[in-house]
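Structure first, then comments.
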2 protein chains.
Amino acid sequence: MKESTGGTRERIQAVALELFTEQGYEKTSLREIAERLNVTKAALYYHFKSKDEIVTSFVNDRLERIDELVAWAESQPPTRETRRELIAQYADTMFAGDHPSVMRFFEQNQTVLKSLAAGQQMRGRMMRLASELCRGDDSPRAQLRAALSLFAVHTSWFAVRTPHITDADRRKIALEVADELLARIGQPADDGTAPATEADGGTTPGSGPAARG
Amino acid sequence: MKESTGGTRERIQAVALELFTEQGYEKTSLREIAERLNVTKAALYYHFKSKDEIVTSFVNDRLERIDELVAWAESQPPTRETRRELIAQYADTMFAGDHPSVMRFFEQNQTVLKSLAAGQQMRGRMMRLASELCRGDDSPRAQLRAALSLFAVHTSWFAVRTPHITDADRRKIALEVADELLARIGQPADDGTAPATEADGGTTPGSGPAARG
DNA sequence: GTCTATAATTTGATAGAC
DNA sequence: GTCTATCAAATTATAGAC
């Protein structure tokens with residue numbers, strides 16, 4: 001909260017976030033972070049008492065933000081409108097704000113974050129967020145659709161490889177696709193049930209590419 | 001190919017795959033793998049000449065399998081039926097076979113795999129697979145839907161938290177949801193265009209939870 | 001606040017006996 | 001095929017000067 005340093009602490013956070021996201025948490029050493037900032041490792045330890053405390057430092061405000069979202073959603077009726085509003089607000093935390101990439105860091109470091117306290121907390125929060133998105137319909141389909149609607153927001157900007165697309169466009173498209181998924185939650189399976197197509201069978205032998213034993 | 005060892009090589013692969021997936025590639029040391037097998041590190045180096053060669057060893061057949069799928073898809077017309085068949089076959093490589101978890105390893109180690117040769121190859125293959133799933137419709141929406149249909153298969157078994165669900169059920173549900181997404185590809189945006197909802201605006205101020213600057 | 005210097009540990013990998 | 005012993009390098013973290 002105190003800016004006395006001249007923002008060195010913030011610069012460390014920024015560089016660490018970038019390198020952790022690009023290369024992974026474990027593969028990024030404190031030496032590398034220090035070199036990029038033209039300081040020594042010891043300087044880093046003045047600002048953060050350990051490597052994973054750097055992660056904790058930029059994770060906490062995200063946790064708060066998600067808690068706000070979940071708390072708000074719980075106060076609303078479990079309607080499609082609530083879900084639509086919830087995912088839209090969530091997308092804002094992804095595309096706007098000063099951390100458009102904190103969640104990307106999480107996506108890229110899921111495994112390592114299992115053993116980090118901050119990571120476990122975040123996992124829990126995302127679970128709750130997904131649960132909230134399918135409140136009132138705990139069918140497996142609904143759970144999967146809710147999770148995928150979050151993925152739609154997360155992956156929209158690397159899964160879409162159209163050349164000159166803007167962040168605003170990505171957000172818009174992500175929300176459109178997410179809304180398609182969320183719209184089917186809570187409905188009595190009118191089309192999403194796929195009654196008797198070939199999608200419920202086995203390997204559909206012979207019709208596809210060479211099936212190997 | 002030669003089984004003379006008594007399957008030690010295969011045991012190493014199995015344990016490594018498990019630990020890499022649970023803890024991450026970087027965080028899993030060769031010592032840990034060796035201890036779990038009650039052998040020494042040196043024994044590991046008899047079977048594999050480096051750590052990343054262990055990865056390569058169980059990645060290669062997956063690459064082949066995906067190449068087969070892509071090649072087959074390219075020989076087919078870019079119809080919904082082809083896409084449906086393609087994703088179903090892909091799901092089979094996820095849920096059946098002796099490696100139901102190799103793709104999970106990839107999902108959990110995306111970042112580290114950027115710097116591994118085998119990982120880069122796999123990334124390329126998955127890109128091609130996604131492209132194939134939206135062939136004939138290169139709109140951003142189609143690209144996102146195609147990617148999400150793959151995610152549906154990948155995440156179906158951890159995103160769905162229903163107590164006593166079987167793998168077969170997970171596969172079925174994943175394909176249903178994937179098919180919902182793929183069904184909208186190639187269509188002239190009849191519903192998926194979301195013409196003028198609130199999903200295209202900004203923060204929808206005031207209506208959602210407390211928006212912070 | 002930042003530095004030099006270094007401790008303490010771990011890691012991937014090799015050499016050579018059996 | 002597996003072992004003991006060891007290497008060279010890298011890593012997180014600390015101590016203390018300026």
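Residue numbering restarts at 1 for every chain, and letters A, B, ... go by the order of the sequence lines. No experiment lies behind these values; they were computed from the predicted model shown.
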Do the charged groups of [X] and [Y] touch, with an N to O distance under 4.0 Å?
| X | Y | value |
| --- | --- | --- |
| D92(A) | R171(A) | yes |
| E180(A) | R145(B) | yes |
| K114(B) | E22(A) | no |

Scan side-chain atoms only and decide if [X] and [Y] contain a donor-acceptor pair under the 3.5 Å cut-off.
| X | Y | value |
| --- | --- | --- |
| T21(B) | Q108(B) | no |
| S57(A) | R9(A) | no |
| Q23(B) | E32(B) | yes |

Quick one: [X] [atom1] to [N] [atom2], roughly how many Å, whole number?
| X | N | atom1 | atom2 | result |
| --- | --- | --- | --- | --- |
| I12(B) | dT2(D) | CD1 | C1' | 11 Å |
| N38(A) | dG1(C) | CG | C1' | 15 Å |
| R11(A) | dG1(C) | CZ | P | 13 Å |
| L44(B) | dT14(C) | CG | P | 13 Å |
| F48(A) | dG1(C) | CZ | P | 13 Å |

Flag yes if more than 12 heavy atoms outside R128(A) fall under 6.0 Å of its CZ atom; otherwise flag no.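 Atom CZ in R128(A) is not packed in, count stays at 12 or less.
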Is there a side-chain contact between [X] and the phosphate of [N], meaning an N or O under 4.0 Å from OP1 or OP2?
| X | N | answer |
| --- | --- | --- |
| Y46(A) | dG1(C) | yes |
| T8(A) | dG1(C) | no |
| T40(B) | dT2(D) | no |

When you measure from the centre of the six-membered ring of Y25(A), is the NZ or CZ of K51(A) closer than 6.0 Å and no more than 45° off the axis?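 Yes, a cation-pi geometry.
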Any chance you could list the contact pattern along nucleotides 6-13 of chain C? Use B for base contacts, S for sugar-phosphate-only contacts and - for none, protein heavy atoms under 4.0 Å, 5' to 3'. -----SBB
With axes from five pairs an end, tell me the bend angle of the helix from dG1(C)-dC18(D) to dC18(C)-dG1(D), nearest 10°.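 Rounded value for the end-axis angle: 10°.
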Do Y90(B) and H154(B) have their ring centres less than 6.0 Å from each other?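 Aromatic pair counts; centres sit under 6.0 Å.
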